[in-house]
Amino acid sequence: MANPLRAEVVRLYKNLLYLGRDYPKGGEYFRDRLRAAFSKNKAESDPQAIRDMISRGEFVSRELEALYYLRKYRAMKKRYYEE
Amino acid sequence: MSGRVLVGVKRVIDYAVKIRVKPDNSSVVTDGVKHSMNPFCEIAVEEAVKMKEKKIIKEVVVVSCGPQQAQETIRTALAMGADRGIHVEVTGKDYEQLGPLQVSKIMAALAKKEDAQLIILGKQAIDDDCNQTGQMTAALLDWPQGTFASELTMEGDKIKVVREIDGGLETVKINTPAVITADLRLNTPRYATLPNIMKAKKKKIANLKPADLEVDITSRLEVLRVDEPPQREAGVKVETVDDLVARLKEAGRI
């Protein structure tokens, strides 16, 4: 892997690992799939392809944040507000 | 305007956890259970940070009362963008009996000490559902209050608050300094991501005891008993409409 990109990939991995702890199906479930996804692409060397994968990883981070927010909002709405 | 906002946050059992009552019915099981920041407190922190980003206020100070673990909650608020934290240490039996009256006395003392212009709190905590701290704090300070806020607009040295009330929305204009309690639709709290948590480690958390603020935290309430809600009874199937009517009459429903 190209050296400057390596730091970005590691940072992305750490962020996703941290985010995945609250995953509804369990932190272990998320972590296993995260590891599998990253190790599948371990051999990739084209910088553009790596950058695309990093963008996809960042997209997943935003999706996770949205998922967590929606779950919490819906739970609060259901508990405290009469429909 | 000193431009300082005080935000109170509470560490509660995470909203998604299934609550269990202790076998002796004294309280709820908290050991080893996942805790996090009260969702309404997250909304309060987000509002304060948004105001700072818009340069309406200068500093966001986040406060939490409780044992050592309350610092985790303060760190989350710092990661969301607060400037510094104050941890008011209350442990053991004192913490079990800590309620809105005691917390509002602490908040009032801190508001005077820190020369705060605004106090933003969550409207209620999801563990005790008291919905009292904001109101009591405003009363102790003799400040106006904008509770159940779903929209806040600064207008000079006054605040316009749109409140969510039964049957609709109410708009009020209050002077500052004031106490605001945040309702669900005030904003969308940001997630405290790992890079922000790392950056927040440099921010300061001051440590205080209630005695340092000359606040008496003795409780006037005693919890007698905690029970789970009654288990839902299994439904009964009937064969005919006549059977249904007969059963309903038996149960005194018709």
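The sequence lines fix the lettering, A, B, ..., with proteins before strands; numbering per chain opens at 1. Quick note: numbers below take in every heavy atom, side chains included, and nothing from hydrogens, waters or symmetry partners. This is a predicted model, so every value here is computed, not measured.
Closest approach of Pro189(B) and Tyr69(A) over heavy atoms only: CD-CE1, 3.7 Å. What you find for Lys14(A) and Leu194(B) is that their closest heavy atoms are O-CD2, 3.8 Å. Contact record, Tyr68(A) with Tyr191(B): CD1-CE1, 3.5 Å, taken as the closest heavy-atom pair. Closest approach of Tyr15(B) and Lys72(A) over heavy atoms only: OH-N, 3.4 Å. Taking every heavy atom of both residues into account, Thr193(B) and Tyr18(A) meet most closely at C-CE2, 4.3 Å.
The most heavy-atom pairs under 4.5 Å with chain A, out of Glu164(B), Glu42(B), Arg190(B), come from Glu42(B).
Interface remark: Arg11(A) contributes no atoms to any contact with chain B (heavy atom separation under 4.5 Å). With a 4.5 angstrom heavy-atom cutoff, Ile126(B) touches chain A via backbone and side-chain atoms both. Both the backbone and the side chain of Thr188(B) come within less than 4.5 Å of a heavy atom of chain A. For a residue to count as touching a neighbouring chain, one of its non-hydrogen atoms must lie under 4.5 Å from one of that chain's; by this rule Asp14(B) does not touch chain A. Proximity to chain B involves both the backbone and the side chain of Tyr73(A), based on heavy atoms less than 4.5 angstrom apart. Proximity to chain A is limited to the side chain of Arg185(B), based on heavy atoms less than 4.5 angstrom apart.
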Candidate pair Arg79(A) and Asp129(B), rule side chain to side chain contact (heavy atoms under 4.5 Å, CB included), full reasoning:
CA-CA 11 Å; Arg79(A) 285 180 206 176; Asp129(B) 286 320; over 6 Å; no
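Other residues, nucleotides and ligands place more than 12 heavy atoms under 6.0 Å from the NZ atom of Lys22(B).
You'll find the side chain of Asp183(B) stays beyond 4.5 Å of the side chain of Met76(A), heavy atoms only.
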